[in-house]
Each structure stands twice: as structure tokens, then as C-alpha cells.
Amino acid sequence: MNTSTEGFQHIPVLKNAVLENLTFDPERPARLIDGTVGGGGHSALLLEKYSKLELLGIDRDDMALNAASKRLEFAGNRVTLVRGCYADLAALAVEHGWDEVDGVLLDIGVSSPQLDIAERGFSWRNDAVLDMRMDRRSELTAGRWLNRTSEAEMARVFREYGEIRQAGKLARKAVEFREKKPFAMTSDLVALCDAVLGRAKPGTLPHPTLVFQAVRIAVNDELKQLETGLRSAVGILVPGGRVAVISFHSLEDRIVKNYFRQESTECICPPGLPVCCCGHKAQLRLVTRRAVTAEKEEVAENSRSACAKLRAAEKI
């Protein structure tokens, strides 16, 4: 297994927004969990700004952790890196003696290096084994998912995670394809997309981009991980602590927006009830009323920042 950091150069998006919305008292020690530390770009900015900040950096990707360890060497023993999933961030924090934290950062989805390193199988633009695992210890690859998943489940994933209109037809043809030849390479899935979906309309994303995205989300269980991770983050925050989330897809952003809205509301009973029956108490105060997006200058420098959205909230 290749665990080198060659090619793992990650440009952090929304740097200014992260620094503006994830703040700490510079005169006091503070603890930050970066649940998706990646190459360590965002964490490096915060560790450089706050000399008393300690970091617990979590990532499922061994290559990312190797890159982060080099990027964050300057911070010495203020940094602890651990391989794991951010959905388990509260448990991982307790394992390392952290019962509560002052901030949590989550940068959701696939990273640029994962897309750019052909052997990872995340991108349809390079022919490689259908992998797409963020944690390469997992047995479920994209190829296995495509070869084992039922037609109905594939259709649901293509429709919900990729927003593919012909999701049912694509799933049916995928089953026909694998009966003749198992899915093995990214070119197999690209060929299926081309045969069933054809060319995308000008100005829209290529169909393979959306299909690969859908399969990746399913293989890595990303949306359920996000829902669990948000609850874990809020649970371990101290009052006044903040959680900031960067997402790149409407499904992810909707989950974050709805969770923050729910947890910043006192009563979540259905409208029209004469008295509150839910007993819900607000846990959060919204720091960003709407999603923060990249400025034109950043998009010009890094086109992948165009889809990025940041939302932040503070524990009451």
C-alpha cells in the first residue's frame, strides 16, 4: 500500500472564512478537533495564529495523515494525529484525554489529492481500479459496491446522491453490465455512463462526475457520517465553543443547515400546536446566518473552491 505523501498537495478552501468564524482567545490554552485534517492546511493556519492552541487531527486516509504530519511539524507536541472517522470524534477525543473542546472543524467530501491521484479511483478522468475508499482498510471498494448492490439500491443512490434523472435505467443497465463482466476499472463505469446517459448539456456537469460522486458517497457512507459527526461535535463542545463545517455538495450543505437550524431553535413542534410538547432546548447560536462562499479571487486561484460553503455555529 502506497502511503507516501507525493502528490498530496491540498490547497485549503475558504481560509479567511475559517479564521473569521473559528476563533479562540489568544491568551488562553484551547483545544481544536479537525475531524477531516487532510493535508493539514486549515489546521496549520489556526495553529500559526494561536500559539496556545492544541490540535487533535482525525482522518480516515493514511496518505492524508502522513502529509499532515509533515505540514504540522512546526507545532511540535501541540499536535496529535489519529486515524479514524470524524463521526467518532467525541470517542476519539476521550481516548486521548480530551473530555471537551473549544472548536471543531469539518471539511466534508473528497479532497483534491484524492481526486488527482489516479490510483485512488475517485476520478473518472483517469483509468484506474474502481476503489474510492477514503479509508483503505475498508473492504468495500467502488467496484465491489457496483458488483454487489441491488438494482433498487443503486437506483436510489444514483437518484439521491447524484441527482441522475435516469437513475432507474442506469441501475438496470449496470446490473446487465456486471452479468457479462464485473466492474473493475473506472473506464467500465465511464463506458456505462456514456452508453446510458450520453453527453451532458452545455454548462452542466458531465454525467460521470455525478455518477462517480454518488458511488463515492455510498461507498464511504458520507451522509450518515456527517449526521453523526455533527451530533458528536456539538456534544463535546464547551459553551462558547464553535463548530465550522465546509461542504461542497447541496446534500451535505442541506444536512448542516437543517441541523444547525434545528439546534438553534427552542421548540421544534409542528406548527399550530397550542403548547410545546417536544421539550426541545436550543444548543446552538448561528454564527453564519447563510453559507459563506469563496470570493472571486479565490475561485480564480483554485477553481475547486467555487462549490465550497461554510457554516458555523456556537454552543450556548
Side-chain angles (χ1 to χ4, degrees), residues 12-25 28 30-36 42-43 45-46 50 53 55-56 58 85-94 98-109 160 217 221-295 307-316:
V13 301
L14 300 177
K15 294 183 289 187
N16 292 336
V18 168
L19 293 174
E20 289 170 6
N21 291 286
L22 202 56
T23 58
F24 306 92
D25 184 342
R28 298 179 58 189
R31 286 176 166 175
L32 166 70
I33 293 179
D34 187 340
T36 49
H42 288 116
S43 289
L45 293 170
L46 290 160
Y50 299 103
L53 183 65
L55 171 76
L56 177 62
I58 302 168
C85 180
Y86 68 84
D88 302 320
L89 65 85
L92 291 170
V94 171
W98 289 21
D99 296 324
E100 54 186 19
V101 300
D102 304 278
V104 176
L105 174 63
L106 301 176
D107 183 358
I108 306 302
E160 293 182 11
I217 290 173
D221 200 18
E222 292 177 37
L223 300 186
K224 188 176 292 184
Q225 298 286 346
L226 176 56
E227 292 170 353
T228 304
L230 288 170
R231 292 193 297 270
S232 296
V234 172
I236 199 170
L237 278 176
V238 298
R242 290 185 175 185
V243 53
V245 185
I246 300 172
S247 62
F248 292 83
H249 186 277
S250 59
L251 291 174
E252 300 164 344
D253 181 57
R254 192 176 306 129
I255 289 172
V256 178
K257 179 177 68 175
N258 290 342
Y259 181 76
F260 282 0
R261 179 185 296 161
Q262 173 181 296
E263 295 308 319
S264 61
T265 303
E266 280 295 307
C267 174
I268 56 174
C269 288
L273 291 182
V275 294
C276 175
C277 299
C278 67
H280 184 266
K281 298 296 181 182
Q283 298 188 78
L284 299 175
R285 176 186 69 82
L286 296 181
V287 176
T288 54
R289 289 289 169 180
R290 60 185 64 185
V292 179
T293 56
E295 301 287 344
C307 299
K309 295 180 178 180
L310 179 143
R311 296 182 186 272
E314 184 174 292
K315 182 82 169 282
I316 295 175

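Nothing fancy with the numbering, it's 1 onward along the sequence.
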Euclidean distance, Lys281 NZ relative to Ile316 CD1, rounded to 0.5 Å: 11.0 Å

Validation row: Tyr86, Leu226 side chains within 4.5 angstrom (heavy atoms): yes

Rounded distance [0.5 Å steps], CD1 in Ile255 versus OG in Ser247: 9.5 Å

Euclidean distance, Asp34 CG relative to Leu46 CG, rounded to 0.5 Å: 8.0 Å

Min side-chain heavy-atom separation Lys309-Val292 under 4.5 Å: no

Asp102 vs Leu32 side-chain heavy atoms within contact, under 4.5 Å: no

Lys315 side-chain N/O to Val234 backbone N/O, donor-acceptor pair under 3.5 Å: yes

Val245 vs Leu310 side-chain heavy atoms within contact, under 4.5 Å: no

Partner residues of Glu314 under the salt bridge (Lys or Arg N to Asp or Glu O under 4.0 Å) criterion, sequence neighbours left out: Arg242, Arg285

Closest non-hydrogen atom pair between Ile33 and Ile58, with its separation: CG2-CD1, 3.9 Å

Closest contact, heavy atoms only, Leu22 versus Gly103: CD1-CA, 4.5 Å

Heavy-atom pair of closest approach, residues Ser232 and Ala87: OG-O, 3.1 Å

Enclosure of Gln262 CD (heavy-atom neighbours >12, cutoff 6.0 Å): yes

Rounded distance (nearest 0.5 Å) linking atom CD1 of Ile246 with atom CZ of Phe248: 6.0 Å

Side chains of Trp98 and Leu92 in contact at under 4.5 Å (non-hydrogen atoms): no

Exam field: side chain His280 to backbone Glu263, donor-acceptor pair closer than 3.5 Å: no

Close side-chain approach of Leu106 and Leu89, heavy atoms under 4.5 Å: yes

Leu14 to Ala308 - nearest heavy-atom pair and separation: CD1-CB, 3.8 Å

CZ on Arg311 to CZ on Arg261, rounded to 0.5 Å: 8.0 Å

Contact check, side chains of His249 and Arg254, non-hydrogen atoms, under 4.5 Å: no

Spacing of Asn258 atom CG and Leu230 atom CG [to the nearest 0.5 Å]: 10.5 Å

Smallest separation among heavy atoms of Cys278 and Cys269, with atom names: N-SG, 3.2 Å

Any donor-acceptor N/O pair, Thr288 side chain to Ala312 backbone, under 3.5 Å: yes

Arg31 vs Leu56 side-chain heavy atoms within contact, under 4.5 Å: no

Shortest non-hydrogen contact between Leu284 and Phe260, atoms and distance: CD1-CD1, 3.8 Å

